[in-house]
Undergrad: 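Sharing a structure below in structure tokens format, with a few things to ask.
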There are 2 protein chains.
Amino acid sequence: MLSTQDVADRLKAHGILPTQQRLLIARTLFSRDQHLSADQVMHCVNDDKDHVSKATVYNTLGLFASKGLVREVIVDPTRVFYDPNTSNHHHFYNVDTGELRDIEASELAIESLPELPEGTVSEGVDVIIRLRNATETH
Amino acid sequence: MLSTQDVADRLKAHGILPTQQRLLIARTLFSRDQHLSADQVMHCVNDDKDHVSKATVYNTLGLFASKGLVREVIVDPTRVFYDPNTSNHHHFYNVDTGELRDIEASELAIESLPELPEGTVSEGVDVIIRLRNATETH
DNA sequence: GTCAGTGCAAACCCTTTGCAGAAAG
DNA sequence: CTTTCTGCAAAGGGTTTGCACTGAC
């Protein structure tokens, strides 16, 4: 596991005050080198003798994401949108408005697919281009 | 709006029994030509004098998706995973196990980006390759 | 001592479940 | 008539909120 000092430096470099709980959460994320949901982080952190409350875990992860320390990835299949267009196509997603807009498959080409992990087959490829309104200050 | 008959034929073509509620939901989806969440569909349908229960809306949308009448798109920003890797990269997502795995940016190239909608700037591009276990019957 | 961070519990929202009643063929 | 679909209400799971307490500087 990374040393507490390393992690603390990393937090500071992103303008985050390194408190005990934040260090614990950051070490959990970085040492596992996995993608974890907020809920999973909570369970991992609280498996050990240490304890961090639910609210703090959610707050902290949101803070990390907004400071660019971690990246949010949207892949939860329990929250979906339904698209009447079943053809092979992709999407613009406006993070400011929540608006979703189609991209025709012909407008975007993926050059090379990586090798799939052993024992798996591809179900499909989703490309989501995240947009922000140019005028919004942020 | 599409005629009831058109929609009924479409349902039958996908092996779906066209009941009153299913027709209502299908017409809502297809006439709007938008991406709607289950919740939004429920509100749209129930804005008019007609009424379809919550359970039926969820069941019906799940049925439509499993029959290929509509497509599920995962873009809900309220359910996210946190990724300690902030570099530009993409993901394998195993729908059977829920496992998420990195794809290095160098392994996958996008040939051509479409023009962005006016007044927006790109925040980033997410590529998610959905996988299924080859051995799973389904 | 001040201000930011944390903990707790309750509220909240969306989704799923179980079963009785209704509708379709 | 039989099978499938629908409605209701309640449970479930994950996320957010409000406010008092604690800890960092």
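Residue numbers start from 1 in every chain, and the chains themselves are labelled A, B, ... in the order their sequence lines are given, proteins ahead of strands.
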Undergrad: Can you tell me how far C1' of C/dT16 sits from CE of B/M42, to the nearest Å?
TA: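 Answer to the nearest Å: 14 Å.
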
Undergrad: Given D/dT6, C/dC8, D/dC8, which nucleotide is nearest the side-chain atoms of A/H51?
TA: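 So the nucleotide nearest the side chain must be C/dC8.
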
Undergrad: Let me know the distance between OH of B/Y82 and C1' of D/dG14, rounded to the nearest Å.
TA: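 Roughly 12 Å, once rounded to whole Å.
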
Undergrad: How far does OH of B/Y82 sit from CD of A/E72, to the nearest 0.5 angstrom?
TA: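 Interatomic distance, B/Y82 OH to A/E72 CD, rounded to 0.5 Å: 4.5 Å.
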
Undergrad: Keeping B/T56 on the side-chain end and B/V52 on the backbone end, is there a donor-acceptor pair under 3.5 Å?
TA: no

Undergrad: Would you say B/L63 ends up clustered with B/L17 if hydrophobic residues are merged whenever their side chains have heavy atoms under 4.5 Å apart, either directly or through other cluster members?
TA: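 Not linked; separate clusters.
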
Undergrad: Starting from the C-alpha separation in whole Å, work towards a yes-or-no answer on salt bridge (charged side-chain N to carboxylate O under 4.0 Å, His left out) for B/D96 and B/R130.
TA: CA-CA 10 Å; B/D96 287 325; B/R130 275 174 288 119; over 6 Å; no

Undergrad: When the ring planes of B/H91 and A/H35 are compared, do they come out parallel, tilted or perpendicular, using 30° and 60° as the limits?
TA: perpendicular

Undergrad: How many Å lie between CD1 on A/I25 and P on C/dG5, as a whole number?
TA: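 One finds 13 Å between P of C/dG5 and CD1 of A/I25, rounded.
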
Undergrad: Count I, L, V, M, F, W, Y as connected when their side-chain heavy atoms are under 4.5 Å apart, and connections chain through other members. Are B/V41 and B/L23 then in the same cluster?
TA: yes

Undergrad: Calculate the interatomic distance between B/Q20 atom CD and C/dA22 atom C1'; express it in whole Å.
TA: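 Atom CD in B/Q20 sits about 11 Å away from atom C1' in C/dA22.
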
Undergrad: Would you say B/Q21 reaches C/dA23's phosphate, i.e. side-chain N/O to OP1/OP2 under 4.0 Å?
TA: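 False: B/Q21 side-chain N/O out of range (4.0 Å or more) of C/dA23 OP1/OP2.
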
Undergrad: With no hydrogens and no angle check, is any side-chain donor or acceptor of A/R71 less than 3.5 Å from a backbone partner on B/N85?
TA: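 Not a single qualifying donor-acceptor pair exists.
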
Undergrad: Going by heavy atoms closer than 4.0 Å, what residues in residues 52-70 of chain B are next to DNA chain D?
TA: B/V52, B/S53, B/A55, B/T56

Undergrad: What's the CZ-P distance between A/R22 and D/dG23, to the nearest Å?
TA: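 After rounding, the gap between these two atoms is 15 Å.
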
Undergrad: Starting from P on D/dT15, measure out to CD on A/E72 and report it in whole angstrom.
TA: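 Between P of D/dT15 and CD of A/E72: 11 Å.
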
Undergrad: Send over the distance from B/R79 CZ to D/dG14 P, rounded to a whole Å.
TA: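 Distance check: B/R79 CZ to D/dG14 P gives 7 Å.
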
Undergrad: For the helix from C/dG1-D/dC25 to C/dG25-D/dC1, what angle lies between the axis at the first five pairs and the axis at the last five pairs, to 10 degrees?
TA: 30°

Undergrad: Quick test of your reading: applying side-chain hydrogen bond (donor to acceptor under 3.5 Å, both in side chains), list the pairs with at least one residue in residues 8-19 of chain B, sequence neighbours left out, ordered by first then second residue.
TA: B/Q5-B/D9

Undergrad: Under the 3.5 angstrom rule, does the side chain of A/H89 hit a backbone N or O of A/E104 as a donor-acceptor pair?
TA: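 No.
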
Undergrad: C/dG5 P sits how many Å from A/L11 CG, rounded?
TA: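 The distance from CG of A/L11 to P of C/dG5 comes to 12 Å, rounded to the nearest Å.
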
Undergrad: Is the distance from OP1 or OP2 of C/dT6 to the nearest side-chain N or O of A/T19 less than 4.0 Å?
TA: yes

Undergrad: With a 4.0 Å cutoff (strictly under), does any side-chain N or O of A/H43 reach OP1 or OP2 of D/dG14?
TA: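 It does not, given that no N or O in the side chain of A/H43 lies less than 4.0 Å from OP1 or OP2 of D/dG14.
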
Undergrad: Please tell me which of A/L17 and A/D76 maps to the more 5' nucleotide of DNA chain D, matching each residue to the nucleotide holding its nearest heavy atom.
TA: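 That would be A/D76.
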
